[in-house]
Amino acid sequence: MEAFFTLLQFFEEAISAFPELYPSSNKNIRRAVLSKQVSIFYRVHKNRIEILSVLDNRSDLKDWL
């Protein structure tokens with residue numbers, strides 16, 4: 001569990017400095033792959049970063065891509 005929180009902290013620091021660091025889809029949603037198991041979907045909206053979902057990569061992600 002501690003490793004997951006470390007990944008989240010790294011993610012938070014990275015997108016705070018570089019909000020467009022991760023690639024975006026045609027829906028303007030960005031996907032950050034935190035680990036082999038977990039991805040975070042977010043978007044930048046009016047200078048805010050909105051976390052949309054934290055998903056298991058083994059699930060069906062087609063609606064997000």
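The analysis underlying the following values was restricted to heavy atoms, covering all of them including side chains, and did not include hydrogens, waters or symmetry mates.
Distance CD/Glu20 to CD1/Ile49: 10.0 Å, rounded to 0.5 Å. Atom CD1 in Ile40 sits 9.0 Å away from atom OG in Ser53 (nearest 0.5 Å). In this structure, OH on Tyr42 lies 9.0 Å from OG on Ser24, to the nearest 0.5 angstrom.
Take Ser35 and apply the side-chain hydrogen bond (donor to acceptor under 3.5 Å, both in side chains) test, not counting sequence neighbours, and it matches Gln37. Take Asn28 and apply the side-chain hydrogen bond (donor to acceptor under 3.5 Å, both in side chains) test, not counting sequence neighbours, and it matches no residue.
Between Ile29 and Leu52 there is a side-chain heavy-atom pair separated by less than 4.5 Å. By the 4.5 Å heavy-atom criterion applied to side chains, Leu55 and Val38 are not counted as neighbours.
Listed by first then second residue, pairs satisfying salt bridge (charged side-chain N to carboxylate O under 4.0 Å, His left out) with a partner in residues 37-55 read Arg43-Glu50, Arg48-Glu50, not counting sequence neighbours.
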In residues 4-19, what donor-acceptor pairs under 3.5 Å come from side-chain atoms, sequence neighbours left out?
from	atom 1	to	atom 2	distance (Å)
Thr6	OG1	Glu2	O	3.0
Ser16	OG	Glu12	O	2.7

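In the hydrophobic clustering of ILVMFWY residues, with side-chain heavy atoms under 4.5 Å counting as a link, Val44 and Val33 come out apart.
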